[in-house]
Amino acid sequence: MRRTRILTAVLALAAGLLAGTPPALAADSTAKVSLAADTYTWKNARIDGGGFVPGIVFNRSEKNLAYARTDIGGAYRWQESSKTWTPLLDSVGWDDWGHTGVVGLASDAVDPNKVYAAVGTYTNSWDPKNGAVMRSSNRGASWQKTDLPFKLGGNMPGRGMGERLAVDPNKNSVLYLGAPSGKGLWRSTDSGVSWSQVANFPNVGNYQQDPSDTSGYASDNQGIVWVTFDESTGTSGNATRAIYVGVADLQNSVYRSTDAGATWTRLAGQPTGYLAHKGVLDAAGGYLYLSYSDKGGPYDGGKGQVWRYATATGTWTNISPVAEADTYYGFSGLTVDRRKPGTVMATAYSSWWPDTQIFRSTDSGATWTRAWDYTSYPNRANRYTMDVSSSPWLTWGANPSPPEQTPKLGWMTESLEIDPFDSNRMMYGTGATLYGTENLTNWDSGGQFTIKPMVQGLEETAVNDLASPPSGAPLLSALGDVGGFRHTDLTKVPSMMFTSPNFTTTTSLDFAETNANTVVRVGNLDSGPHIAFSTDNGANWFAGTDPSGVSGGGTVAAASDGSRFVWSPAGTGVQYTTGFGSSWSASSGIPADAIVESDRVDPRTFYGFKSGKFYVSTDGGATFTASAATGLPSGDSVRFKALPGVKGDVWLAGGATDGAYGLWHSTDGGASWTKLSNVDQADAIGFGKAATGASYQTLYTSAKIGGVRGIFRSTDKGATWTRINDDAHQWGWTGAAITGDPRVYGRVYVSTNGRGVIYGDTSDTSGGGGTDPTDPTDPTPTGACAVTYKITNQWSGGFQADVQLSNTGSSAWTGWSLGWAFPNAQTISQTWNAESTQSGSTVTAKNVGWNANVAAGSSVSFGFTGSWSGTNGRPTAFKLRDQACTVA
């Protein structure tokens, strides 16, 4: 179940980079760039989880400070007051999309305000950039970055081992990082600012999951996989002397330094034939615990062991909870109870059937008990109960036969941590969520402990397609790994993903524009149909019949009235059908693997695109004819949509940097195209409710406009554009899909590659637009104003605040400058969406280029981090130049 993280968006991006250079079309020279200001509120359409959580890190000196890392969806910090997770890497931009993959995370025990993340998604060519180490002095509210001379693999094989990144618990200016790809062990002595290779470390690793893999994915050397300090061998301010390092080498997996990293030796007597996935040091007991597997994970592993190493005597003891001959899985998740020396737990991470297993010992591994046992096969007795009422889809709608149960205890359980301040709290990650318990010690007293999802706020799905019908549910999604969901309420977790059938990944979906109850989706499935239909707006589904040769979902289009469908699956050519796919016929005149869409008015008109050519069918998909238009992108990193309500009105986005790249518009069904001159690059296009007084639907695009990458909106058919996200809300790669809401003006749904479905709502509900910052006749910022100042996060010595400045007057602003005085000598350290200066307690914040314009009745927001001492009082007065503002 869910053995593969399929990242269609990333692969589409990589394919797009290979596009050639077509001839250019005539551009629209009348279009004008206008980057106006608007204030958007961004949230996730709640799914809660949906992906692999390979790492959980508790701070060892501050209670309730914990972090989680994901393989493609960034890092998160635990909020104890709300029992939720806060995303920390949403500021990662388009060009650095790979930095949403986190391969290592470290929380500083000496200064809990400091946290570090080693980022990078792939070590092969799929990720064009090197990895980096991100460092924060405010718990991830803002970051500084040091680029590395090699790649890191947050979504590579072996990503569940770790942690590869570690801070010296005695001298916190010293950090170590284990690198993949034979790049060795690296060290920083200036709190992560600069890094150098540890030249005398003797082993760079040699384990490859599959040496024959020519893509470089499974054939990469998994390298140095964890670093662990023995804090008892150092004193405050002096480097820890004993350091243990795990290496991906089946014969030589553990090394140690006893002189603070000056020299290194292989630990004598260690087990061979295995990889040490984790090395957890219990300084109080004097033991290094190690969990071993014969594979790197997170999917594979056939045999495993657990060992204990006595740090004082060098004695090795096999403490495996199961005899090696009885294992069919490897061990990985490993933790100790810092409050109860001798208590250790481990997971059988690669036990897929009937379930994962969790083991617990209270005598340093001499004896073990299990989370579940067989009574009389196939019946099980569980030491736990599971409550997934907050994420009911975790049952997968399954009704398995014993010994399987639903929901499962988990799979890919490589992260497991007992709270160092609370023996009752444990968290562990799976391939779909993050579970936890707050009454763990019931295990020892013979009672049952309760496992629940502890995942709210952590959203980790890869989004392939989005749809917002004019009636019914506001959002339908096509997702990797968990298929997709029908959201009737964006603030609530849906009860179930799409089922009957349950695709491992949904690649495309569509609805009938004039009959939104008719919905179709296609996707990938190991065995079974690849297409499904719904006649009740996606609430219930039934499978269609595949034509011969289908191997994957591809793209699908529904006729505007739902009477027929055109499907371009993987493995065979484009197909069409009337009714619900009981039989299919091959379309002619269009190449295999073309992208297909439907006209939103004429039920017999469909469109296709492949390799620079646009195709049109007027007979329900039976035959297609290539348009004579030239100059469209020559590659296949393209997405296009037809406008609802207007026949033949089509918008196309896509391309590559070495060829045609941008946004095109056709009003004659693709016969001719106009390229918008004010759009540098575009990757997805969508439509939403028109602004008040506008005759054309609102356009949304993930694009580069005016030299700035972002999410943009146009209320005037693309003549001018408003950037509606900001630098703090970028979410890496957002090119797979975008759509507005046809019922709510300004609402937009944005796809991400690992942060789930993001939706934004505007404060400008009228759709008033903005003014041109380059026009000298625009008025200067005068008139009434209002300010809301909110402290969004606060910690010892530091805080984060958001400021919203509203234009409550009758004239638009074409630039603004807001001033205030801090009451307690607070100091700003970093500002976003504004430029700030400070003299003593007086602060001035000015607009940046893209948010200069603020229409009457609209507002603009910016944020900052700062330091405080003693008291962190809020400013009581704000001035827009000389105009006093109302303080909300």
Side-chain angles (χ1 to χ4, degrees), residues 40-51 73 84 87 388-397 432-433 453 455-500 502-503 505-513 516-523 532-541 558 684 686-689 700 711 731 734 736-762:
Y40 259 70
T41 301
W42 297 99
K43 299 178 182 178
N44 273 100
R46 278 189 65 191
I47 295 169
D48 289 10
T84 63
V388 297
S389 56
S390 64
S391 300
W393 60 265
L394 285 167
T395 65
W396 249 265
T433 192
V455 73
Q456 185 175 344
L458 194 159
E459 298 284 349
E460 203 203 344
T461 49
V463 184
N464 295 326
D465 202 1
L466 296 169
S468 184
S471 61
L475 178 66
L476 305 173
S477 58
L479 307 177
D481 292 349
V482 292
F485 291 88
R486 178 180 188 260
H487 271 89
T488 57
D489 185 336
L490 302 174
T491 67
K492 296 180 180 178
V493 178
S495 60
M496 191 54 56
M497 72 274 284
F498 299 143
T499 59
S500 301
N502 186 338
F503 299 142
T505 286
T506 300
T507 56
S508 175
L509 57 81
D510 196 15
F511 62 91
E513 188 66 44
N517 280 333
T518 299
V519 188
V520 60
R521 60 184 168 94
V522 293
F533 301 91
S534 171
T535 57
D536 57 8
N537 192 240
N540 297 280
W541 296 85
F687 316 110
K689 184 178 181 180
Y700 297 93
I711 306 300
W731 315 293
T734 55
I738 192 169
T739 185
D741 192 307
R743 289 170 272 184
V744 181
Y745 168 72
R747 178 171 291 175
V748 60
Y749 303 97
V750 180
S751 69
T752 73
N753 187 43
R755 271 283 286 119
V757 181
I758 302 287
Y759 73 96
D761 283 314
T762 177

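Everything numeric in this text was worked out from a predicted model, so none of it was measured.
In terms of modelled atom types and a separation under 3.5 Å, the side chain of D741 and the main chain of G688 share no donor-acceptor contact. When atom types are taken as modelled, the side chain of S534 and the backbone of D536 share a donor-acceptor pair closer than 3.5 angstrom. A distance-only check finds a donor-acceptor pair linking the side chain of E459 to the backbone of D48 [under 3.5 Å]. Side-chain atoms of R46 do not come within 3.5 Å of backbone N or O of H487 as any donor-acceptor pair.
Rounding to the nearest 0.5 Å places OG of S751 at 7.5 Å from CD1 of I738. Taken from OG in S390 to NZ in K492, the straight-line distance is 14.0 Å, to the nearest 0.5 Å. Atom CG of residue D465 and atom OG1 of residue T506 lie 9.5 Å apart, to the nearest 0.5 angstrom. Taken to the nearest 0.5 Å, the CG atom of D761 stands 9.0 Å off from the CH2 atom of W42. Expressed to the nearest 0.5 Å, how far CD1 of I47 lies from OG of S477 amounts to 5.0 Å.
Both tests hold for R521 against F503: distance to the six-membered ring centre under 6.0 Å, angle to the ring axis within 45°.
Screening L476, T461, L479 against F485 for a side chain to side chain contact (heavy atoms under 4.5 Å, CB included) leaves a single residue, L479. Applying side chain to side chain contact (heavy atoms under 4.5 Å, CB included) to R747 and the options L475, T739, T762, L490 leaves one that passes, L490. Exactly one of V750, L466, T752 qualifies for a side chain to side chain contact (heavy atoms under 4.5 Å, CB included) with V757. That residue is L466.
Contact record, S468 with Y749: OG-CE1, 3.7 Å, taken as the closest heavy-atom pair.
Between T433 and L394 there is a side-chain heavy-atom pair separated by less than 4.5 Å. Two residues are said to be in side-chain contact when any heavy atoms from C-beta on lie closer than 4.5 Å; V748 and Y40 meet this criterion.
Ring pair W541/F533: centre-to-centre distance not below 6.0 Å.
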